[in-house]
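Okay, so here's the structure we're looking at.
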Protein chains: 2
Amino acid sequence: MTKADRSPADHDGGRARLASHPAFQLAQLGSHIKGRFTAHLAPLNIAPRHFDMLALLTDADGLTQQQIAEELNIHRNVMVGLVDELEARGLAERRRHPTDRRAYTVHLLPAGRELLRKADRIFDGFENDELLATLTTAERQTLAELLRRVAAAAGLHRGVHPAFHGSPE
Amino acid sequence: MTKADRSPADHDGGRARLASHPAFQLAQLGSHIKGRFTAHLAPLNIAPRHFDMLALLTDADGLTQQQIAEELNIHRNVMVGLVDELEARGLAERRRHPTDRRAYTVHLLPAGRELLRKADRIFDGFENDELLATLTTAERQTLAELLRRVAAAAGLHRGVHPAFHGSPE
DNA sequence: TATTGTTATACTCTATAACTATA
DNA sequence: TATAGTTATAGAGTATAACAATA
């Protein structure tokens, strides 16, 4: 007996129960997106968390490790290894904080800016040509605005991205 | 020197860069929702994955472990422990497959149905009173429909929920 | 006394491979 | 030869606690 004999793909009765609930749809899509974006970034040898960090440094260069960790919603312990990786690849570097000798500030290097440009193109391509290809421009704007309000109400203001961390799926 | 001296909360320049991109918003919200729903379910001593499984069995009782694993997008190895837990708590039970002696079918027990009812109320309360409280009824429908189309285009049809598995955040 | 960066440790999730009993 | 369930193992990822240097 094979699997097809047992599962005629017809037990789909009320299963759509959850499928029309935004809370469920959002959780499902969020996980899917993280996995897909991770795959798209793989050729650059970076993970979404590196993308997040490079993007943050582009807009706010010279933050301390703690500040970066807070913005990205990750622990400062993890930050250590993250900065280590970027530094080892010449994408960013640590400098002593000008007035607080306990702290390091993190700065983007030219190689980091260039890598971010490539990652940005990958992100845009994924979003426009793959994820949202089925929506019109107006619909994309409507979606973005609704999501913005939901995210704001949830306290997810600013550019923080706890979703892009961790392992996909 | 204190943290506030260094971070006047003003380095928010172009950081909204990603914040208006649906791909990013969805990933961010998905992660947030998983964490919140996990917290809401904690009093019932179950995780979102148990909720998913109970919900699936309600609509399609008697699936084999493999079939459940496929629907929920988890590995069959993990399925073993999951069924073990539900069985130990009297929420579901294994029965020998009527014709394939290698397989077990999984069936919901009364205690499982009751627990699912409670979990359903928690889910609805979270979605309506917390997550989507800021949207009107019409806006919620618009959001659900846009998400449905994006999910369908991504191949996330049916009631599968890879997003509710794993650890939150 | 609190904070920054760091390291060590344990705990959870997940991914792979192998085993058994069946088909 | 392939499949269902199971188990063991190793690998990520994360969370906690502690430490030295500095505030």
Side-chain angles (χ1 to χ4, degrees), chain A residues 1-7 31 34-35 38-39 42 46-50 52-53 62-88 92-106 162-169, chain B residues 1-7 31 34-35 38-39 42 46-50 52-53 62-88 92-106 162-169:
Chain A
M1 175 181 278
T2 129
K3 184 169 55 182
D5 294 328
R6 214 183 291 134
S7 168
S31 176
K34 183 158 59 175
T38 298
I46 59 172
R49 35 154 51 104
H50 301 108
D52 287 349
M53 188 165 158
L63 295 180
T64 66
Q65 295 188 188
Q66 288 256 23
Q67 290 172 326
I68 298 172
E70 286 170 20
E71 289 290 330
L72 266 45
N73 261 19
I74 58 184
H75 245 258
R76 66 185 205 271
N77 326 12
V78 181
M79 200 63 233
V80 176
L82 214 44
V83 177
D84 283 349
E85 290 170 17
L86 296 184
E87 209 166 30
E93 69 176 6
R94 271 181 254 245
R95 297 180 200 156
R96 302 242 57 132
H97 191 278
T99 62
D100 188 340
R101 300 202 312 181
R102 295 171 304 180
Y104 284 107
T105 55
V106 183
F164 270 172
H165 313 313
S167 60
E169 208 69 355
Chain B
M1 173 181 278
T2 126
K3 184 170 54 181
D5 293 329
R6 216 183 288 137
S7 169
S31 175
K34 184 158 58 174
T38 298
I46 59 172
R49 32 153 58 96
H50 301 107
D52 286 350
M53 188 165 157
L63 294 180
T64 67
Q65 294 188 188
Q66 288 256 24
Q67 290 172 325
I68 298 172
E70 285 171 20
E71 289 291 330
L72 266 44
N73 261 19
I74 59 184
H75 245 258
R76 67 184 204 272
N77 328 13
V78 181
M79 200 64 234
V80 176
L82 214 44
V83 177
D84 283 349
E85 291 170 16
L86 296 184
E87 208 166 29
E93 70 175 5
R94 272 179 253 245
R95 298 181 200 157
R96 301 240 60 130
H97 190 279
T99 62
D100 188 341
R101 300 203 313 182
R102 294 171 305 181
Y104 285 106
T105 54
V106 183
F164 271 173
H165 314 313
S167 60
E169 209 70 353

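Protein chains get the first letters and strands the later ones, always in sequence-line order, with residue 1 at the start of each.
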Leu72(B) CG to dT14(C) C1', in whole Å, measures 16 Å
Taken to the nearest whole Å, CE/Met79(A) to P/dT16(D) is 19 Å
#### Entry: Below 4.0 Å: OP1/OP2 of dT4(C) and any side-chain N or O of Gln65(A)
no
ask   = Is there a donor and acceptor pair, one atom on the side chain of Asp100(A) and one on the base of dT3(C), closer than 3.5 Å?
value = no
Would a distance-only check, ignoring hydrogens and angles, find a side-chain to backbone donor-acceptor pair under 3.5 Å from Arg95(B) to Tyr104(B)?
-> no
Rounded to whole Å, NE2 of His97(B) lies from P of dT3(D) at a distance of 16 Å
With the side chain defined as heavy atoms from C-beta on, Gln66(A) is closest, among dA15(D), dG5(C), dA4(D), to dG5(C)
Taken to the nearest whole Å, CG/Leu82(A) to P/dA12(D) is 16 Å
I'd like to know if Arg101(A) reaches the base of dT22(D) with its side chain, counting only an N/O donor and acceptor under 3.5 Å. no
Out of dT4(C), dT6(D), dT6(C), minimum distance to the side chain of Val80(B) belongs to dT6(D)
- How is Arg94(A) classified with respect to the nucleic acid when contacts are heavy atoms under 4.0 Å: base, sugar-phosphate, or nothing? sugar-phosphate
- prompt: When you measure from the side chain of His97(B) to the backbone N and O of Thr99(B), does any donor-acceptor pair fall under 3.5 Å?
  reply: yes
Taken to the nearest whole Å, CZ/Arg102(B) to P/dT22(C) is 10 Å
Under 4.0 Å between any heavy atoms, over every strand shown, what does Arg76(A) touch: base, sugar-phosphate, or nothing? Just pick one.
base
Does a side-chain N or O from Arg49(A) land closer than 4.0 Å to OP1 or OP2 of dT14(D), or not? yes
- Item | Glu70(A) side chain to Gln67(A) backbone, donor-acceptor under 3.5 Å | no
Here the distance between atom P of dA4(D) and atom CG of Asn77(B), to the nearest Å, is 13 Å
Problem - Check: Arg94(A) main-chain N/O paired with Glu87(A) side-chain donor or acceptor under 3.5 Å - result: yes
ask   = Would you say a side-chain N or O of Gln67(A) is under 4.0 Å from OP1 or OP2 of dT4(C)?
value = no
Glu93(B) CD to dG5(D) C1', in whole Å, measures 17 Å
Exercise. Yes or no on side-chain contact (heavy atoms from CB on, under 4.5 Å) for Met53(B) and Met79(B), after CA distance, side-chain angles and deciding distance?
Worked result: CA-CA 10 Å; Met53(B) 188 165 157; Met79(B) 200 64 234; 3.0 Å; yes
Separation of dA23(C) atom P from Tyr104(B) atom OH, nearest Å, is 13 Å
